[in-house]
Protein chains: 2
Amino acid sequence: MPIKNTDAERVRNVSFFRNADDATFDTAMNGAFLQRFPANTTLLMEGDSVDFLYILLEGSVELGAGWKSKDTTLAILRPVSTFILAAVVLESDALMSAVTLERSEILMVPGDSLRRGMKENAVFGFAVSEELAGCYRGLVRSIKNHKLRDSTERLANYLLTQRARQGGKDEIVLPHEKRVLAALLGMTPENLSRAFSKLSDKGVSVDGARVAFSNVTVLERLARPSPLIDNHYAQDRNTLGKAYTERQQGVLDQS
Amino acid sequence: MPIKNTDAERVRNVSFFRNADDATFDTAMNGAFLQRFPANTTLLMEGDSVDFLYILLEGSVELGAGWKSKDTTLAILRPVSTFILAAVVLESDALMSAVTLERSEILMVPGDSLRRGMKENAVFGFAVSEELAGCYRGLVRSIKNHKLRDSTERLANYLLTQRARQGGKDEIVLPHEKRVLAALLGMTPENLSRAFSKLSDKGVSVDGARVAFSNVTVLERLARPSPLIDNHYAQDRNTLGKAYTERQQGVLDQS
DNA sequence: GCCGCAACTTGACATTTATCAAGTTCCCGT
DNA sequence: ACGGGAACTTGATAAATGTCAAGTTGCGGC
């Protein structure tokens, strides 16, 4: 499927293409095409060689990994996000699998083209470095979240992050099925249920996908959200402003 | 302290300076200086603003993070390794603290200089991107290691990695105190002791810092090392060859 | 050599998380 | 509206890990 103007525009507006000049944009996107995938499609398995950079324009994608019959979810992506950028830069194999969670639209950019664009234009290359650095820091946050917090604390912080992102009102809607959320937070669905009931003390009430907060203060006292782990404070930290925070969300945040 | 020729050479030979031309090297290293630190010196605390790229030339450094009176070790670095590169690229605050474990020699490169070098020379910028991508993949491996394996499995794989790195003989010497190793593997020292005794079934015997293997096959059956998690297979994956694997080790691997 | 402290080990116990087994609810298609 | 299956919840139990409290070992400094 050829790239329509509207798609090209969406790509230009986010991600590291934002400030590229036209010539570099054309180089880096040479041979790119748009593809639609149904839900639950495996785009990539661990160990596959990676020929394309993926840019999620619509839908959502789960990044995961497995070992010895265990599986874990590393991130859930929403538009607009790039993924497997690191493998593309290194011409290496994928360390994570990628599966669509819903019907998705994905722009596939040949790795060769991207690398050529990077090597020909230093400013564009720097923008890619910024993207990579943002991805790296997202992973650091994720590791800290898992090693320093127990499951209830992770859930509490997830809820506060969602609340901030959904406008700060006292009711939010969970963006995923609870079993998906459980995998993202690194626990079993049973444990997630129990974590929710532990939070009823803290004014959290659940009705299906709707979660209401009656006392955010006491929830925050348990959750102790930190700008060094959680993402919702990350804005205005540098001159990249919103563009940067959007990207970080995309790549690793637990949306 | 000014940079001696020998130091400059060591930096050039590793890391992303390897293929830079002289002009770019000078730009990127402008204002850099070498500093020695005693053991247990805090180089950087979480949340500090980052003005320099650090390059460890001698000694070792622990990267860690804390929250709510808990602390965790994210990596232990050995020469030659760069650290906090991502924060430098983004002109952002540190997400990890850095503390010397022994007397260390560290080259400090002004962030401005590095960024200028990247923006002026696309090839150098690409090399930095490769470094960042390697760091990213190191973190992915680390997360997989922690989420997919229990503590005994992590220890078993750590031992096999060390064995490979120390020449494949049937006896190795642990490069760190056991309490440091425990922190690195994400467990308490007590738990590490117990994990070692569980491995005596598998032919592992411990005497101080010396660990001997009497049956590697059965240990491997438990550990199930994987090139998608562990590092010792990573060579010859791409044209970067040894340079790349060295860097990856440096940044995240559990040496 | 020996003293003393820190590292390490071991045991008993608490906490956290996973697993297994029902049940209940919800959603979707007929 | 109804039926069926997946999602979710709840309880009982097991496994993994952390905590606390002894001890023991080992190593560096005097």
Side-chain angles (χ1 to χ4, degrees), chain A residues 38-40 62 66-73 76 101-103 145-159 173-201 204-211 222-223, chain B residues 38-40 62 66-73 76 101-103 145-159 173-201 204-211 222-223:
Chain A
N40 298 312
E62 182 207 66
W67 180 76
K68 253 194 188 185
S69 84
K70 269 185 213 165
D71 277 284
T72 189
T73 296
I76 294 173
L101 289 177
E102 9 172 347
R103 184 163 202 280
N145 193 37
H146 276 279
K147 287 181 80 170
L148 295 169
R149 290 171 172 162
D150 67 24
S151 59
T152 307
E153 291 166 336
R154 291 199 297 275
L155 174 60
N157 278 291
Y158 173 85
L159 294 175
V173 177
L174 299 175
H176 312 290
E177 290 180 343
K178 291 209 185 77
R179 75 187 167 79
V180 174
L181 179 55
L184 183 63
L185 293 175
M187 49 181 148
T188 58
E190 294 95 322
N191 225 322
L192 178 61
S193 272
R194 292 179 185 115
F196 268 120
S197 29
K198 279 185 202 169
L199 291 182
S200 64
D201 288 22
V204 175
S205 48
V206 186
D207 174 31
R210 252 194 298 283
V211 178
L222 169 75
Chain B
N40 297 312
E62 181 207 68
W67 180 76
K68 253 194 187 183
S69 84
K70 269 185 215 165
D71 276 285
T72 189
T73 296
I76 294 173
L101 289 178
E102 8 170 348
R103 185 162 199 279
N145 192 37
H146 276 279
K147 289 182 79 169
L148 293 169
R149 290 171 172 162
D150 68 25
S151 57
T152 307
E153 291 166 337
R154 290 198 297 276
L155 174 60
N157 278 290
Y158 174 83
L159 294 175
V173 176
L174 299 175
H176 311 291
E177 290 180 341
K178 291 209 185 78
R179 76 188 164 79
V180 174
L181 178 56
L184 183 63
L185 294 175
M187 49 182 145
T188 58
E190 295 94 323
N191 225 322
L192 178 61
S193 272
R194 291 179 186 117
F196 268 120
S197 31
K198 278 186 203 168
L199 291 183
S200 64
D201 289 21
V204 175
S205 47
V206 186
D207 174 31
R210 253 196 298 282
V211 179
L222 169 74

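Fair warning: this is a prediction, and the values are worked out from it, not measured in the lab. Chain letters run A, B, ... following the sequence lines, proteins first and then strands; every chain starts at 1.
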Side chains of residues 186-198 of chain B: which donor-acceptor partners sit under 3.5 Å, not counting sequence neighbours?
{"unit_1": "B:T188", "atom_1": "OG1", "unit_2": "B:N191", "atom_2": "N", "d": "3.2"}
{"unit_1": "B:S197", "atom_1": "OG", "unit_2": "B:S193", "atom_2": "O", "d": "3.1"}
{"unit_1": "B:S197", "atom_1": "OG", "unit_2": "B:R194", "atom_2": "O", "d": "3.0"}

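When atom types are taken as modelled, the side chain of A:R154 and the backbone of A:R149 share a donor-acceptor pair closer than 3.5 angstrom. Checking side-chain atoms of B:K68 against main-chain N and O of A:L222 turns up a donor-acceptor pair under 3.5 Å.
Regarding B:E177, its CD atom lies at a distance of 18 Å from the P atom of C:dC5, rounded to whole Å. Distance B:R194 CZ to C:dC8 P: 15 Å, rounded to the nearest Å.
With a heavy-atom cut-off of 4.0 Å to chain B, the contacted part of DNA chain D has its first and last nucleotide at D:dT17 to D:dC20.
In this structure A:E62 satisfies the salt bridge (charged side-chain N to carboxylate O under 4.0 Å, His left out) test with no other residue, sequence neighbours excluded. Not a single salt bridge (charged side-chain N to carboxylate O under 4.0 Å, His left out) links B:K70 to another residue, sequence neighbours left out.
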Please write out the pairs of protein N or O atoms and N or O atoms of nucleotides 15-17 of chain C separated by less than 3.5 Å, giving the distance to one decimal.
{"unit_1": "C:dT17", "atom_1": "OP1", "unit_2": "A:S151", "atom_2": "N", "d": "3.1"}
{"unit_1": "C:dT17", "atom_1": "OP2", "unit_2": "A:S151", "atom_2": "OG", "d": "2.9"}

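Nearest heavy atoms, B:V206 versus B:K178: CG1-CE, 4.0 Å. Of all heavy-atom pairs between A:L101 and A:V180, the closest is CD1-CG1, 4.2 Å. Taking all atoms of both residues into account, the shortest heavy-atom contact from B:W67 to A:A223 is CZ2-O, 2.9 Å.
B:K147 has its side chain within reach of A:H146: a pair of non-hydrogen atoms, C-beta onward, lies under 4.5 Å apart.
Heavy atoms of B:E190 sit under 4.0 angstrom from at least one base atom.
Direction of the helix axis in the helix from C:dG1-D:dC30 to C:dT30-D:dA1 shifts by 50° between the two five-pair termini, rounded to 10°.
Note that the CG atom of A:L174 and the CG atom of A:L159 stand 7.0 Å from one another [nearest 0.5 Å].
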